[in-house]
Amino acid sequence: MSTETASAAERAAVPSVVDWAEARARAYGAGRSAALPAVDRPLADTDGLTLAEPLAPATDLPAFPTSSVDGWAVRGDGPWRVVGRVLAGGSPPPLAEDGTTVEIATGAMVPEGVTAILRVEESTRTADGRIAGTPRPHPEWRRPGEEAYAGEELLPAGTPVDPALIGLAASCGHDTLRMRRRARAALLVFGDELLTSGPPAAGRVRDALGPAVPAWLRRYGCEVRPADVTGPVADTLPAHVGALRAALAEADLVCTTGGTMHGPVDHLHPALAELGADYVVNTVAVRPGFPMLLARLTDPDGRVRFVAGLPGNPQSAIVALVSLVAPLLAGLSGRPEPVLPHATLAEPVPGRGDYTHLALVRLDRMAGTAHPVRHVGSAMLRGLAGADGFAVIRPGTTGEPGDRVPVVPLPLQPGERAW
């Protein structure tokens, strides 16, 4: 059949293999161009989300001079007559006369007219009850704007929110933050041969990805509800099209497992063609994980959704997650393109010819070294369960002990940095 008369499904069956690094860049760019809308969220609900606007204080920080010690706020030379007390939370009157002092607590507002603060442990009392001592030469209070000025950009848009940022935002006077909405994800499990409970037997294997992939997606910051996981989906084209259409009605990202090749019951490519999808990436030059894909669907109203086709072999599916889904989600959330950390190989790692090799490794964070793990077949999960990430061995190379190589970290907890 000529290309002029080939169907869309048949044309889709001729993939263009993409270099692994290029595939990651394409996935990130596709996500960035379809970044999720910004929403306002209370501070308590922002952990793990991403700033949609720069973080800036509403006032100077501190907003007023505050004492950094417990002691005596004095005016002029001593000894000083005690005329009052200033506690945190109050707005004191000015200290108007030389030779006077007020007792002051750490964090309390420094009254106008104060020339120094004398630490309580460095003070004494005279026989007539006055305060004596020598203040240190440097001011013992925090000046307005010492930490930041009103309107100053403290953190840029695209910064992931963690507890430290939440505390900073609160100190800046914010009750809500403008955030990127959390991506909604769904999972479709393809393969009639899969069991969803009990041990494998009689030619059928247990589905390991249905329970695992949603947990990985949540660690990448997605919202995945139990109802968003469907499968096994029947091995027919109508069933695939129907399941994809239903999932895409709600989700920003639909991950599928299996069906990424072109066998007799691999219906993902024809289903994507029927739905009018276009490929961001269709097959990546990486081992394991070679037959992975990322497709994009755009509604007439401009709404964009994505389908990530993960291979059916479990480890290969996780390779597809770290290769395509992780950078896609970074783009969707408005975060910077992920920069891979590096580690020193402690043992040799073979290359894969013209393919990038993602080799499971355990990281020694104290030594900065990466150690290959065992049981790393494409269908195996034992090695993955003891690993921290994948060492990247470039095409045409091998990894030798002492080589510094990039490492794709596995997410540990939602929003947690793995390296």
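These numbers come from the heavy atoms of this one structure, side chains and all, not from hydrogens, waters or symmetry mates. The structure displayed is predicted, hence computed values, not measured ones.
Counting heavy atoms from C-beta on, the side chains of Val349 and Val405 never come closer than 4.5 Å. For the pair Leu358 and Val322, the minimum side-chain heavy-atom distance is below 4.5 Å. Contact of the Glu274 side chain with the Leu244 side chain is not registered, since no non-hydrogen atoms from C-beta on lie closer than 4.5 Å. Residues Leu310 and Val213 form a side-chain contact, since some pair of their non-hydrogen atoms from C-beta on lies under 4.5 Å apart. Side-chain atoms of Val102 and Pro111, non-hydrogen and from C-beta on, do get closer than 4.5 Å to each other. Under the 4.5 Å side-chain criterion, counting only non-hydrogen atoms from C-beta, Ile393 is in contact with Leu345. Using a 4.5 Å heavy-atom cutoff, the side chains of Val241 and Pro238 are not in contact. Within the 4.5 Å cutoff, the side chain of Val407 has no heavy atoms near those of the Asp388 side chain.
Separation of atoms CG (Leu321) and CE (Met292) is listed at 9.0 Å; rounding is to 0.5 Å. Atom CE of residue Met261 and atom OG1 of residue Thr283 lie 7.5 Å apart, to the nearest 0.5 angstrom. Between atom CH2 of residue Trp216 and atom CG of residue Leu209 there is a gap of 11.5 Å, rounded to the nearest 0.5 Å. Remark: Thr176 OG1 to Asp45 CG distance equals 11.0 Å, nearest 0.5 Å. Considering CG of Leu49 and CG of Leu177, their distance stands at 9.5 Å, rounded to 0.5 Å. The distance from atom OG1 of Thr50 to atom CG of Leu36, rounded to the nearest 0.5 Å, is 9.0 Å.
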- Item | Trace of the salt bridge (Lys or Arg N to Asp or Glu O under 4.0 Å) decision for Asp40 with Arg178 | CA-CA 5 Å; Asp40 290 321; Arg178 191 79 170 157; 3.4 Å; yes
- Under the side chain to side chain contact (heavy atoms under 4.5 Å, CB included) rule, what do Ile131 and Leu118 come out as? Steps first, then yes or no, please. CA-CA 9 Å; Ile131 303 301; Leu118 173 67; 3.9 Å; yes
- Item | Leu187/Asp228 under side chain to side chain contact (heavy atoms under 4.5 Å, CB included): CA gap, chis, key distance, verdict | CA-CA 6 Å; Leu187 174 66; Asp228 296 325; over 6 Å; no
- Query: Should Phe64 and Val110 be marked as a side chain to side chain contact (heavy atoms under 4.5 Å, CB included) after you check the CA-CA gap, both sets of side-chain angles, and the distance that decides it?
  - Reply: CA-CA 8 Å; Phe64 46 84; Val110 178; over 6 Å; no
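Judged as a side chain to side chain donor-acceptor pair (under 3.5 Å), the pairs with a partner in residues 344-361 (not counting sequence neighbours) are, in order, Thr344-Arg404. Contacts classified as side chain to side chain donor-acceptor pair (under 3.5 Å) and involving residues 23-35 (residues at least two apart or in different chains) are given here: Glu22-Arg26, Tyr28-Arg32.
Judged by distance alone, the side chain of Asp364 and the main-chain N or O of Ala367 form a donor-acceptor pair under 3.5 Å. Put simply, the side chain of Ser323 never gets that close to the backbone of Ala320: no donor and acceptor are under 3.5 Å apart. The main-chain N or O of Gly383 is never found under 3.5 Å from a side-chain atom of Arg374 such that the two would form a donor-acceptor pair. For the pair Thr260 (side chain) and Pro291 (backbone), a donor-acceptor distance under 3.5 Å is present. Side-chain atoms of Thr101 come within 3.5 Å of backbone atoms of Ala73 as a donor-acceptor pair (strictly under, hydrogens ignored). Side-chain N or O atoms of Asp60 include none that pairs as donor or acceptor with a backbone N or O of Tyr149 at under 3.5 Å.
Minimum heavy-atom separation, Val304 to Arg296: CG1-CG, 3.6 Å. Across Asp266 and Gly259, no two heavy atoms sit closer than the pair OD1-CA, 3.4 Å. The heavy-atom pair separating Pro57 from Glu152 by the smallest distance is CD-O, 3.1 Å. In this structure, Ala148 and Leu154 approach most closely via the heavy-atom pair CB-CD2, 3.6 Å. In terms of heavy-atom proximity, Leu268 sits nearest to Gly258 at CD2-O, 4.5 Å. Heavy-atom minimum distance, Ile104 versus Trp72: CG2-N, 4.1 Å.
Counting heavy-atom neighbours within 6.0 Å of Arg245 CZ, excluding the residue itself, gives a total of 12 or less.
Counted by atom type alone, Thr46 and Arg41 present zero donor-acceptor pairs between their side chains at under 3.5 Å.
Every residue meeting the salt bridge (charged side-chain N to carboxylate O under 4.0 Å, His left out) condition with Arg75, not counting sequence neighbours, appears here in chain and number order: Asp98.
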